[in-house]
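Below you'll find the structure, written out as structure tokens, and then a few comments.
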Amino acid sequence: MAMQTSHTVRTKQGDGKYKHTVDLPKTTFGMRANSAVREPEIQKLWDENQVFKKVADKNNGGSFILHDGPPYANGDLHMGHALNKILKDIINRYKSLDQDARKGLTPLKLRAKAAKFAKATVKAQMASFKRFGVWADWDHPYLTLDPEYEAAQIEVFGQMVFKGYIYRGRKPVHWSPSSRTALAEAELEYPEGHVSKSMYAIFKLLKIPNKSGLLDEFLPKLSLAIWTTTPWTIPANAAVAVNSKLQYAIVEVQPISRNVTSSSEDKSRRSGNVLKGNQTSFFIVAVDLVPTLEAKWNVKLVVRTTVFGSDLENCRYAHPINGQECPVVIGGDYITTESGTGLVHTAPGHGQDDYLTGLKYDLPIISPVDDEGKFTEEAGIFNGLDVLSDGNAAVIDHLDERLSIVMVEPYKHKYPYDWRTKKPTIFRATAQWFASVEGFREAAMDAINEVTWTPSQAENRISAMTSSRSDWCISRQRTWGVPIPVFYHSETKEPLLNEETIDHIKSIIVQKGSDAWWYMPVEDLLPEKYRDKASDYVKGTDTMDVWFDSGSSWAAVLENRNGLSFPADLYVEGTDQHRGWFQSSLLTSVATKGKAPYSGVITHGFVLDEKGFKMSKSLGNVVDPRTIIEGGKNQEEAPSYGADVLRLWVSSVDYTGDVLIGPQVLRQMSDIYRKLRGTLRFLLGNLHDWKAENAIAYDELPEIDQHALFQLESVVKNIKESYESYQFFKIFQIIQRFAIVDLSNFYFDVAKDRLYVGGASSFTRRSCQTVLAVHLLSIVRVIAPILPHLAEDVWQNLPFEYNIDDTNIAKFVFESKWPAVNERWLAFPEEEIDFWAKILELRTEVNKALEIARTGKLIGSSLEAKVYLHSSDDKLATRLRNMCKAKFDADSLSRIFITSQVEILSTLEEGTPTKDIPYSGEYLIHGQNKIWIGVSHADGSKCERCWNFSPQVGSFFDHPTLCKRCYDVIVDQPLPALAAVS
């Protein structure tokens, strides 16, 4: 580097004769954050002074509403919660500061679980969120189990009923035997490693429609070959589906020698009895799959003839269990040759594609499975068996005994599990309540187009999900939750559900809560006009899907709470909410209001460890936010970083994708935080005697100060733009580059001379302090949304008061508002911006030359050097020459280079003093301007006070060890106030 910092040099010089004339920094603001103690103190300060409420109350305009969503967590907070809530808090705190961007502050609302047992969790989570530094109206959260919320949800349901979007039907839904309820797609998870017992089976053809008689010769030995991963659904088989466009082969099955493969054959795979016999068999399979099936079954498949799928329609086969005649039907594009046989066993009671095909052919919807996942009497000999275990095996064994099994093998694939019980689900046709998405799908797609999605590709994701989703099953077979307010006629089972019944139940729930549905008799739940018929009705026991609960929050919160309005400005949740809360909120809102409940949506990714792996206890890579803040048992391995370091990490990542965190990342964040704290401490320390009336007018400032204000204003402008576009990682990068690197490396480095030895009340020091005060007040406010504790800590240590206006003092940083735009500072001339860029680059090159001279033992400190410059660019040379005798001392090149002298040489021809310059070389500035730089030892003697070398040292009789500048300072300040070394 170019120099030893003058701060270090002068503190060593503290015992000198003029130590009392040096203005060193002093501040009560500590270098160490001590976050474990200081952050809770600051949070207590906010609470005791009701800062959040004061900021909200001072809002006198419209609202910015960030509607907080439903995490449905039931334990301690993890890093996903931290990322989510801190992102929201950064947005809300920025909006609270920037009154131009938002005229009001809407608190963050905490989303509770939709059941009573959640209250303890809500309380625990609140405490953790507070420790993150999240501001909210914690005394008034919204809970889905509040009677007012439940009543609003009933209202949304009623509106959808009246518009014809709610119906009751029997169709296959995801069913959880372990929870004994239907589930929505958003309540499923697909764990790795699920293995199903798959089987290839044959169904014997009985009849072939008269289509040229191509297949007649193969009867009665011709069978349809199917493949399924759910053998337990065979009792519900109603058809076999083919793809009309695919080509199918009639193959003769010829066994091959098994001696070659028996030893190497996978022990988990077994051939069925049908392959062990000697009789000739003919199977129908897709032509494209013949080679694959030959290898898999270890047989020779000789193609006898081929037909198209359309030729097989209306063939009849014998059901493999009960022998009934069943049809071959044409299915959809879901029938491919990627796996299986190209023919699909179709059970409309156990699959969505099967169900749709069944509707087309009026097939029976058979579902002989009860709520516990066991076969019913309708399944005959399998009655009582669990379909996912012994029932599945029993079906395979029964089919094998009847020579219907070709092969059984394990099949690893994604399979839906219940997210609560972590156990597998099934597809099962039951009577359920549905929301007809088809009825308002087009309106939903239009609404999606009107929303601002961040990142933009999120729109594609939710559009794809909404355009392809089937009707929404909104009923659940649970005793907790909001009831579906329907009555059924005891004999006909017809539902009673109309505007009168819904309004009456809503009026009861708003007063008594949804528990009333369970403890009040039918006659009290029915409106007056139906009470004489109460004995004819029973109340339904189904409750609403939890996603209908949370999807109604816009109605319960935005429309019902004072100060809020519909739609919300913003929803912010994880990317998994495209199929969850974002979608359920969209559907309920579009169905009832015709528009989305949000103007903008931000989605963030998941938190992974430093290597990009998902966090899990078994891998030992879980990062706990509480441990980050408070530290672990071993403080050396897991130090207490505090909430602000965690928040700094949130701001540093591009949250639109998955983000990484771990010990190394946290150490980097802590180091950046420490350096930023050092920057702020430098500013505070050098403003210890500052008063607003000391400020120097902009026009009177040295150019270096005007340039510094231009840079600051540009930075604040860019940061504001990044807050507005929610690109917090850009703010992190700007702060890191500007506040930590650029300021420290240049302006602060150069400023130390002016601040420490320029004279306590001198123009040069006051002009520098003018710039430092603006920097301090700007930086602390622009970082406040991300680092609120640090910002408040700085604010409480301000050595001066900050007035919001003529009458009000900002006692807390969030009362101070966003820095006002100063167009004058931004209007710094373009040519001057370019020139100062050259000066900064020239300074870097001078530092390189000084380092060479230092290595050669010519100089120690850079103040021992004299620098020579020569440029063939006359315009640049003239400008540099002028800076050597600048109007303001702060603009002189020697101050900028932190050397004692700078001389501009007009020529490098022989006879010039270049031969006496021991170190020199040519450097490029801006890639085009060649600058010759030379370094010699400085002229004159060293000033005892400022350490600059000057020929004038020794010229002053009463102060023979001082240079002229220091002499003038001493003469002007005969009795200066003592300055303490911090």
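Predicted model only: the values in this text are computed from it and were never measured.
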Under 3.5 Å donor-acceptor, Ser584 side chain and Trp547 backbone: yes

Does Thr592 offer a backbone N or O that forms a donor-acceptor pair with the side chain of Lys163 under 3.5 Å? yes

Answer yes or no: is there a donor N or O on one side and an acceptor on the other, between the side chain of Tyr317 and the main chain of Ala239, under 3.5 Å? yes

May I ask you to decide if Ser550's main-chain N or O and Trp581's side chain share a donor-acceptor pair within less than 3.5 Å? yes

Heavy atoms, side chains only, cut-off 4.5 Å: are Pro147 and Gln511 in contact? no

Is any NZ, NE, NH1 or NH2 atom of the basic residue among Lys593 and Glu559 found under 4.0 Å from an Asp or Glu carboxylate oxygen of the other? yes

What residues form a side-chain hydrogen bond (donor to acceptor under 3.5 Å, both in side chains) with Ser196, not counting sequence neighbours? His194, His413

In this structure, OG1 of Thr421 is separated from NZ of Lys423 (nearest 0.5 Å) by 6.5 Å

Lys88/Glu573 salt bridge by N-O under 4.0 Å criterion: yes

Would you give the length of the straight line joining atom CD1 of Ile234 to atom NE2 of His319, rounded to the nearest 0.5 angstrom? 7.0 Å

Please, which pairs that meet ring pair (Phe, Tyr, Trp, His ring centres under 6.0 Å) have at least one residue in residues 483-510, sequence neighbours excluded? Phe487-Trp517, His489-Tyr537

By side-chain hydrogen bond (donor to acceptor under 3.5 Å, both in side chains), Arg170 pairs with (sequence neighbours left out) none

Sequence neighbours left out, what pairs pass salt bridge (charged side-chain N to carboxylate O under 4.0 Å, His left out) with at least one residue falling in residues 346-371? Asp371-Arg428

Show, in sequence, the C-alpha distance, side-chain angles and deciding distance for Phe548 and Trp472, and conclude whether the ring pair (Phe, Tyr, Trp, His ring centres under 6.0 Å) test is met. CA-CA 10 Å; Phe548 200 98; Trp472 177 10; 5.6 Å; yes

Without swapping roles, check the side chain of Ser552 against the backbone of Gln153 for a donor-acceptor pair under 3.5 Å. no

Listed by chain and number, what are the side-chain hydrogen bond (donor to acceptor under 3.5 Å, both in side chains) partners of His604, not counting sequence neighbours? Asn84

If only atom types and distance count, is the side chain of Tyr355 paired as donor or acceptor with the main-chain N or O of Ile365 below 3.5 Å? no

Residue pairs, two or more places apart or on separate chains, that pass side chain to side chain donor-acceptor pair (under 3.5 Å) and touch residues 447-463: Arg461-Thr575

Is it true that a side-chain atom of Glu523 and a backbone atom of Arg531 form a donor plus acceptor pair closer than 3.5 Å? no

Classify the side-chain pair Thr229/Tyr415 by whether it contains a donor and acceptor separated by less than 3.5 Å. no

Measure the spacing between OH of Tyr571 and CG of Leu586 and express it to the nearest 0.5 Å. 9.5 Å

